[in-house]
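Notes follow once the structure below has been shown.
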There are 2 protein chains.
Amino acid sequence: MVQLVHPSKDDITLAGVLSALADPMRLRIVKSLLGNDSCMSCTEATPFPGMAKSTLSHHFRILRDSGLIQTSKRGVEHRNVVRVDDINARFPKLLETVLGFAD
Amino acid sequence: MVQLVHPSKDDITLAGVLSALADPMRLRIVKSLLGNDSCMSCTEATPFPGMAKSTLSHHFRILRDSGLIQTSKRGVEHRNVVRVDDINARFPKLLETVLGFAD
DNA sequence: TCAATAGTTCATTATTACTGAACAATGGAA
DNA sequence: TTCCATTGTTCAGTAATAATGAACTATTGA
């Protein structure tokens, strides 16, 4: 199971996390990842089925680069989990506070 | 004392607040506003003196439009305050949580 | 009236986001 | 093995957003 490249815990920045979460689409992705066993493929986590897959890929890359999610390749699909422990260690309470306000 | 235009409390959005705070410059502006009697002119609140004033004006506009600050014109200068009560009413704990992580 | 000060607005350039099209990689069926 | 469907990435072009210098408005004070 190949791991995609992610920033190490200490390289996660507040600005990165906030701007990743500032997009309603990405906020919904993170929320559904957390609500669903914390592990979904990119397609499963799509908030709106009509979205271009390049756009979806783009959003997942921003979530990965910000350190919010971790992606591993299993078979043909990518499995995504929210890096809850890393984010909580770096910015305690931030994730639960912000996600509490998501529609 | 003339009030500039601001969104009403209920029009403040999570995405707007998060993307306003996602910029390190604006985060510092908000932080210094809160630390300094909550009332400063734009120039006083500049994090980096070398910044172009049009850029500064741009950041203050984003902070205003997001509902984070309120600006009133007194004499030749603009006085800025963080709308602590409005933000806390709309998104409890968000402001203190995020600002707690600002450098 | 003139100059100084504080910000805004405008126009230009630079960066970032969105999307269709082509591509790579895996797994399953024939 | 070969072919094909599925999943997601990368690329290139366009659209939207950000940063800045220059010109402008408004207020104060000499």
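Because the structure is predicted, anything quoted here is derived from the model rather than measured. Letters go in sequence order (proteins before strands), and every chain restarts at 1. Any value given below was found using the heavy atoms of this structure, including those in side chains, with hydrogens, waters and symmetry copies removed.
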Report, as a single string ordered 5' to 3', how protein heavy atoms within less than 4.0 Å touch nucleotides 23-30 of chain D: B base, S sugar-phosphate only, - not at all.
---BBS--
Contacts of type side-chain contact (heavy atoms from CB on, under 4.5 Å), residue [X], not counting sequence neighbours:
{"X": "A:Glu96", "result": "A:Lys93"}
{"X": "B:Arg90", "result": "B:Ile12"}
{"X": "A:Ala89", "result": "A:Lys9"}
{"X": "A:Asp11", "result": "A:Pro7, A:Ser8"}

Can you give me every donor-acceptor pair (side chain of residues 52-69 of chain A, partner residue at least two apart or in another chain, under 3.5 Å) with its distance?
| from | atom 1 | to | atom 2 | distance (Å) |
| --- | --- | --- | --- | --- |
| A:His59 | ND1 | A:Arg26 | NH1 | 3.0 |
| A:Arg64 | NH1 | A:Thr71 | OG1 | 3.2 |
| A:Ser66 | OG | A:Ile62 | O | 3.4 |
| A:Ser66 | OG | A:Leu63 | O | 2.9 |
| A:Ser66 | OG | A:Leu68 | N | 3.3 |

Within this structure, what is the [atom1]-to-[atom2] distance between [X] and [N], rounded to whole angstrom?
{"X": "A:His78", "N": "C:dA25", "atom1": "NE2", "atom2": "C1'", "value": "9 Å"}
{"X": "B:Arg64", "N": "C:dA6", "atom1": "CZ", "atom2": "C1'", "value": "13 Å"}
{"X": "A:Glu77", "N": "C:dG28", "atom1": "CD", "atom2": "P", "value": "12 Å"}
{"X": "B:Leu63", "N": "C:dT8", "atom1": "CG", "atom2": "C1'", "value": "16 Å"}
{"X": "B:Arg61", "N": "C:dT8", "atom1": "CZ", "atom2": "P", "value": "9 Å"}

Tell me, please, which residues at least two apart from B:Arg83 pass salt bridge (Lys or Arg N to Asp or Glu O under 4.0 Å).
B:Asp86
Tell me, which pairs form a ring pair (Phe, Tyr, Trp, His ring centres under 6.0 Å) where one or both residues lie in residues 66-103 of chain B, sequence neighbours left out?
A:Phe91-B:Phe101, A:Phe101-B:Phe91
Begin from the C-alpha positions of A:Leu34 and A:Val84 and carry the test side chain to side chain contact (heavy atoms under 4.5 Å, CB included) through to its verdict.
CA-CA 9 Å; A:Leu34 278 176; A:Val84 180; 3.6 Å; yes
Sort me out a list of protein N/O and nucleotides 14-21 of chain D N/O pairs below 3.5 Å, or just none if empty.
| from | atom 1 | to | atom 2 | distance (Å) |
| --- | --- | --- | --- | --- |
| D:dA19 | OP2 | B:His58 | NE2 | 3.1 |
| D:dT20 | OP2 | B:Thr55 | OG1 | 2.9 |
| D:dG21 | N7 | B:Ser54 | OG | 3.0 |
| D:dG21 | O6 | B:Ser54 | OG | 3.2 |

